[in-house]
Every structure is written in C-alpha cells, then in structure tokens.
Amino acid sequence: MTSTLQPATATEAVKRPGRWLALSVLVLAVLLVAVDATVLGLATPYISEDLRPSGTQLLWIGDVYSFVIAGLLVSMGSLGDRIGRKRILLVGATAFGAVSVLNAYATTPEMMILARALLGVAGATLMPSTLALIRNLFHDPRERSLAIGIWGATASAGTAVGPVAGGFLLEHFWWGSVFLINLPVMAVLVVVGVKLLPESRNPDPGPWDLYSVVLSLLGMVGIVYAVKEAAAHGFGWAALAAGLVGAAALYGFVRRQLTLPTPLLDMRLFGNRGFSGAVLADLLTVLGMSGLVFFLSQYLQLVQGRRPFEAGLAELPAAIGAVAAGLVAGRAARRFSVRAVVSGGLAAVGLALAALTVIDRSTGYPLLGAALLVVGIGAGFSFTVTADVILSGVPKEQAGAASAVSETAYELGAALGIAVLGSIVTGVYRGFTAPAGTPDGAHESLGGAVEAAAGLPAHTSEALLDAARQSFVDGLTLAAGVGAAVLLVAAVAAWFLLRGQRLDSARQGRGELRDQP
C-alpha cells in the first residue's frame, strides 16, 4: 500500500496516468444503462400491442428492473470493493449484453418481466463500479468534480441517444431491436476496458456477508412492492404483508451492519448530514420525475400522434439541458454553494413539472420543449453535485458501497415513482366512460385502447379514442402536479440538510488520508 499522507505520493496519486482514457470506458457503461432505461418508454406501445400485457403487467415491465437493481446495488457495490471493481464491471457488462438478447426476444408478458428482472441483476454491477472507479482514478477534487460531471452528462446523453436511436429502430424494425443496440456498446466496453481500466479494491475488505445480501434484497423489494400494491389496489393484505416483511428485513439489515466488523454498508456514513441530505435529494428527485417520464413517451405517440423517431427528438431538450448543467455543476457549487445549486436545481424541476399540469391533448411543443429543458438543467445540476458530495465524503476503500447508496436512492426513487405516479395515471385512466361494445382491454392501458379501436366501427372507434386519450391526459397532469410537489419539498429539505457542505479540497481530506493500493 502507498500512504497518501506524503505530499509527493499525493501528487503522484492526483496525476494517475491514463485516467481520462479510463474515464471514457466508464462512461460507456453509463451510456449502456441510460439507453436501456429510455428506449423502454418508446417501445411500450409496441410491446403492449405484441405481448398484450395487462395494465399491472405493463407497470411490472416498466419497474421490475428498478425493483431488482435497488435491492442488489449495495450488495454489488460492496462485492466490487472486495473482489475488484474492474472485474465486476466487466462481468456485469457481459451479462447485461447477454440478457438484452432475452429482452429482445421475449414472447410473453411473463417472459418480458423475467428478462427485465435479470437485466436488473446485471445492471446492479455497473453503476456503483463506475462511480467507485472514478473515486479511485481522480484524487484531485476539481478533476473529480469534472469527471463526475462528464459521467452525469453521459448518462443524460444516453437519455437523448436512447429515444432517437430507439425511435429510428422502431420505425424500421421490430420492438426487440431497441434492446439489441446494447450489444455493440457492451462489446466495446469489455474489449477496451480490459486494457485501459486499472483494478482497485478495498485492501482489507473482510468477508462478503451473504445473509446481509438476502436481507437487503428482501427488504428493498418488499417495501417497493408494498408501495406499488397500495398505490394500485389500496391497502390490502398483500401490500401490508409485503411492507411488514420488507421493513423487518431492512431493520435486520441495519442491525447486522452495526454489529459486523466489516459490514457490507457502514451505517455510520448516514451520520454525515451532507451524505444523508444528498441521498435523500436524489431519491425524492427521481421519485418526482420518473413516473411522469415513463408515461411522457406514450403521451407524445398515442395522444399527439407523433412517430417514434419524432417522439425521441421531442425529448432531446431534457438531455441537452442535463449535459450542459452537469459539465458546469461542480464549478457552480464552488462559486456559490452546494445547497444553492442542489436546491435551485430541484426547485427548477418542480416548477417545470408544475407547468405540465396545464397540458392537454393539443398542447404545442414550445411549452413541452421548454419544460423538458428546464427539467434537464435542474436535474443535471442536482445529480452531479449530490454525487460529488457522496463520493468525496467517504474513504476510497468504501467508494463502491457509498456509490451503491447513491445509485440505490436513484433506482428506489425510480421504482417508487413509476409505482406511485404511474398508478395515479393508470387509476385515473381506467375511469373513463367507453362506448358500448368496447373490449375490456381498452381500460387496461392507452395502448390497449388504441389496439381495441382498430377493430371497431369508425364512429365507435373515434369515441373510444377521444375518451381514452382525455382520461390519460387527466391522469398525466395529476401525476405532474404530485411530482412537482415532491420536487419542491425536496428543494426545501436539501436547503437545510446541505447547509455548510463544500466541494473544496479541505472538505475532502477525510477520504484522501486513507491508504489505497
């Protein structure tokens, strides 16, 4: 081991050769996950038409990936700290590509749900590894802020590449092709990553506690499932039982981590107000945004009649705003303050979502595009700075576990957002009055109504589509209002919790004084 306490050694550590080339490999993994997350929204109408899922199955297709990944991120991040972050990243990328093929060729809703769950297992290895490797590649705080900004900007660029590339593929090929675009990215990542990425791990990791892994997975999945069931069907026995099991498992997980000599997750990290505030901000931000984003592609295609490629282009402003904001977020946080940048970003997203509560079926693109641009800018500022706060406040050997906490907040927020806000959209949608003779499937999803309308007489078909589209928009605007409220609450919470947080080199000494091979 080399101590970073000596000035000369610290300088050498700051200037690790090849760090920027290694970063280019890491952002490929981020691109892989971001593209996959965004193409699903565009492909949903086609999946609905081909696989004929029920409304509940459609929500499971959308959020089971997040359920599984949220349950495994901490465990996989800790595993990477132990066996090597490069190794787990390359294994995960290979598995991600292989399971993408299973997604592409799913033939039933159940098979699609299983394929998305397996993709979550593979995806859980990628994001914590990339952030942890950045933490160990870039020891200089300003360089690390820029690297995290590039990392976040690439994720945002993936949200732009996904809809545009996915839209092009959907217009020329079958829906499964949107998952196969993962394969070339995965191949480049693995081949180049073997040569360029340095290996890093905790020099004294301790054993990987399998019991903690089971408790973490059971707890996260139980809690998220309970929220989803309660939002969709009310507080029944299934939701209550799942919630109690999940809560008990998470309680057991926390108690076990406090007693283990080398825990999967050091719970003392949450005693740092900045760390906890950044994690909470991430969770609430994604919760407020994700349900709306999941249904926005359907609004653009099935309500406004845009082609998939056009719908993908329509979503570009969000990615452009996030890329631009991510690249300057670190500088802005140093010039002003961490809490000003994060709280301001969250408030901007909240106000943009509030503006979407006035949309209707014929809303022009200027309002949609402007709202998406502001959402992207606000999210880019917030996510980049909170990631920096989380990474800079922990020792390097715990970077994987800390990164996993950040990503768990993101994925848990996504799962809860789709479950809660998505259930609001679905619940309102199902209440529309359909003309006589309408098949039952029309009330399951807007895609089901479009399909059902194709087999009805012209007058009945038009009445069905008008009622279904209006009901869908009503649900979407209500979800936007709830999302706006969540984001504004998150902005206020971040203002207080991130008080006094800084991104300067003095603030980050604790993590820099630890040994790392």
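Below, all heavy atoms of this structure are taken into account, side chains as well, without hydrogens, waters or symmetry copies.
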Item to check | Note, Val375 side chain near Leu353 side chain (heavy atom, < 4.5 Å) | outcome: yes

Checklist entry - Atom CZ in Arg361, atom CG in Leu465: separation rounded to 0.5 Å? => result 9.5 Å

Checklist entry - So, Asp360 versus Thr363: side-chain donor-acceptor pair below 3.5 Å or not? => result yes

Item to check | Straight-line distance of Leu102 CG to Leu119 CG, nearest 0.5 Å | outcome: 9.0 Å

Checklist entry - Are the side chain of Ser471 and the backbone of Val428 linked by a donor-acceptor contact shorter than 3.5 Å? => result yes

Checklist entry - Any side-chain heavy-atom pair from Trp175 and Leu51 closer than 4.5 angstrom? => result yes

Checklist entry - CZ of Arg85 to CG of Leu26: how many Å apart, nearest 0.5 Å? => result 12.0 Å

Item to check | Gap between atom OG of Ser216 and atom CG of Leu250 - 0.5 Å precision | outcome: 7.0 Å

Checklist entry - Below 4.5 Å, heavy atoms only, C-beta onward: do Thr107 and Asp50 meet side chain to side chain? => result no

Checklist entry - Sub-3.5 Å donor-acceptor pair from the side chain of Arg469 to the main-chain atoms of Leu302, do we have one? => result yes

Checklist entry - What's the verdict on side chain to side chain contact (heavy atoms under 4.5 Å, CB included) for Leu316 and Leu313, showing C-alpha distance, side-chain angles and the deciding distance? => result CA-CA 5 Å; Leu316 271 177; Leu313 290 176; 3.7 Å; yes

Checklist entry - Would a 4.5 Å heavy-atom cut-off, applied to side chains only, mark Met111 and Leu114 as touching? => result no

Checklist entry - Are Phe96 and Leu189 close enough that some pair of their side-chain heavy atoms sits under 4.5 Å apart? => result no

Checklist entry - Thr386 side chain to Phe383 main-chain N or O, any donor-acceptor pair under 3.5 Å? => result yes

Next on the checklist: Does any part of the side chain of Val358, heavy atoms only, come nearer than 4.5 Å to the side chain of Thr477, both counted from C-beta?
Outcome noted: no

Checklist entry - Would a 4.5 Å heavy-atom cut-off, applied to side chains only, mark Ile359 and Leu367 as touching? => result yes

Checklist entry - Do other residues, nucleotides or ligands put more than 12 heavy atoms under 6.0 Å from the OH atom of Tyr365? => result yes

Item to check | Side chains of Gln470 and Asp466, donor plus acceptor under 3.5 Å | outcome: no

Checklist entry - More than 12 foreign heavy atoms under 6.0 Å from CZ of Arg306: is that the case here? => result yes

Item to check | Donor-acceptor contact below 3.5 Å, side chain Asn103 vs main chain Val99 | outcome: yes

Item to check | Distance (rounded to the nearest 0.5 Å) between Leu421 CG and Leu476 CG | outcome: 10.0 Å

Checklist entry - Can you check whether Val121's main-chain N or O pairs, donor with acceptor, with Thr125's side chain at less than 3.5 Å? => result no

Item to check | Residue pair Leu215 / Ala249: nearest heavy atoms and the distance that separates them | outcome: O-CB, 3.6 Å

Checklist entry - Hey, is the main chain of Ala354 close enough, under 3.5 Å, to the side chain of Thr357 for a donor-acceptor pair? => result yes

Next on the checklist: Tell me whether the count of non-hydrogen atoms from other residues, nucleotides or ligands lying under 6.0 Å of CD in Glu462 goes above 12.
Outcome noted: no

Checklist entry - With a 4.5 Å limit on heavy-atom distance, are the side chains of Tyr105 and Met112 in contact? => result no

Next on the checklist: Rounded to the nearest 0.5 Å, what separates atom CG in Asp474 from atom CD1 in Ile424?
Outcome noted: 13.5 Å

Item to check | Leu72 to Ala124 - nearest heavy-atom pair and separation | outcome: CB-CB, 3.8 Å

